[in-house]
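Just so you know, these numbers use all the heavy atoms, side chains as well, and skip hydrogens, waters and symmetry mates. Small disclaimer: the values here were computed from a predicted structure and weren't measured.
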Amino acid sequence: QVQLVESGGGLVQAGGSLRLSCAASGRTVSSYAMAWFRQAPGKEREIVAAIRWSGGNTYYADSVKGRFTISRDNTKNTVDLQMNSLKPEDTAVYYCAAKSGYTSTLATQYNYWGQGTQVTVSS
């Protein structure tokens, strides 16, 4: 129903910035919730940030509060993640995800996933 494609990953120095984008195609419903997850080698997938297509509430993991900003453009069907003050511990594969209804911090509740994009932060 919905296809998600991430872009913008790459290599960046600690303290630098990177902007990830998620393009949604197919049937996008305004009531959907969008989220960014990340997974480092040997670790479980964890929530980074989430937002509703309708706007309003946003969620940020404690580890990224004050550094990352999630935003969406309903007219373009995109969800972006602006990452500032990057740290080596931010290194992971970042995934865009979507689900119907409200936002959730649980990966298992999301129905649609992108292929992931690698973010590497060097010291």
Side-chain angles (χ1 to χ4, degrees):
Q1 187 175 8
V2 178
Q3 295 79 47
L4 305 174
V5 180
E6 304 98 332
S7 63
L11 175 65
V12 66
Q13 292 273 7
S17 298
L18 204 61
R19 182 173 180 267
L20 305 182
S21 294
C22 174
S25 62
R27 185 178 179 182
T28 302
V29 182
S30 61
S31 61
Y32 275 23
M34 306 294 294
W36 286 95
F37 287 81
R38 67 185 182 186
Q39 187 167 24
K43 297 183 178 180
E44 63 183 7
R45 191 167 297 185
E46 64 178 5
I47 185 72
V48 177
I51 190 171
R52 301 177 190 174
W53 271 115
S54 58
N57 294 1
T58 56
Y59 171 86
Y60 295 96
D62 289 342
S63 59
V64 306
K65 284 182 178 178
R67 299 189 297 121
F68 291 10
T69 302
I70 188 170
S71 61
R72 86 281 183 269
D73 187 331
N74 293 30
T75 63
K76 297 180 180 179
N77 282 351
T78 60
V79 178
D80 298 334
L81 184 69
Q82 179 64 47
M83 305 184 294
N84 299 326
S85 301
L86 283 162
K87 305 174 181 179
E89 47 264 48
D90 294 318
T91 296
V93 176
Y94 283 70
Y95 297 91
C96 179
K99 67 182 294 294
S100 60
Y102 302 109
T103 58
S104 172
T105 61
L106 303 178
T108 55
Q109 294 189 354
Y110 286 80
N111 308 107
Y112 309 101
W113 292 85
Q115 81 287 349
T117 185
Q118 177 71 47
V119 172
T120 303
V121 184
S122 64
S123 60

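- Trp53 approaches Asp73 most closely through the heavy-atom pair CZ3-O, 3.7 Å.
- Side-chain contact of Asp80 with Gln82: a donor-acceptor pair under 3.5 Å is absent, judged by distance alone.
- Atom CD of Glu89 has more than 12 neighbouring heavy atoms from other residues, nucleotides or ligands inside a 6.0 Å radius.
- In this structure, Gln39 CD and Tyr95 OH are separated by 5.5 Å, a value rounded to the nearest 0.5 Å.
- Counting heavy atoms from C-beta outward, Asn74 and Arg72 have side chains that approach closer than 4.5 Å.
- Scanning all heavy atoms of the two residues, the minimum distance from Trp36 to Cys22 falls at CZ2-CB, 3.6 Å.
- With 3.5 Å as the limit, one finds a donor-acceptor pair spanning the side chains of Gln109 and Ser104.
- Note on ring orientation: taking the six-membered ring where Trp is involved, the planes of Phe37 and Trp113 are tilted (angle from 30° to 60°).
- Screening residues 51-95 for disulfide (SG to SG under 2.5 Å) gives no qualifying pairs among residues at least two apart or on separate chains.
- Proximity of Asp90 to Arg67: side-chain heavy atoms (C-beta onward) are separated by under 4.5 Å at one or more points.
- Under the 4.0 Å criterion applied to side-chain N and carboxylate O atoms, Lys65 and Asp62 are assigned as salt-bridge partners.
- Scored by the side-chain hydrogen bond (donor to acceptor under 3.5 Å, both in side chains) test, Tyr94 finds Arg38 as partners (sequence neighbours excluded).
- At least one side-chain heavy atom of Leu81 sits under 4.5 Å from a side-chain heavy atom of Val48.
- Between Ala50 and Tyr110, the shortest heavy-atom distance links the atoms CB-OH, 4.1 Å.
- Between Lys87 and Val121, the closest side-chain pair of non-hydrogen atoms is not below 4.5 Å.
- Contact record, Ala98 with Met34: CB-SD, 3.4 Å, taken as the closest heavy-atom pair.
- The two atoms that bring Tyr60 and Thr69 nearest to each other are OH-CA, 3.4 Å, heavy atoms only.
- Remark: of the listed residues Val93, Thr91, Val12, Thr91 is the sole one forming a side-chain contact (heavy atoms from CB on, under 4.5 Å) with Thr120.
- Put simply, the side chain of Glu6 gets close to the backbone of Gln115: a donor and an acceptor are under 3.5 Å apart.
- Side-chain contact between Cys96 and Leu4 is present, with heavy atoms from C-beta onward closer than 4.5 Å.
- Two residues are said to be in side-chain contact when any heavy atoms from C-beta on lie closer than 4.5 Å; Thr103 and Arg52 meet this criterion.
- In this structure, Gln13 and Ser123 approach most closely via the heavy-atom pair OE1-C, 4.1 Å.
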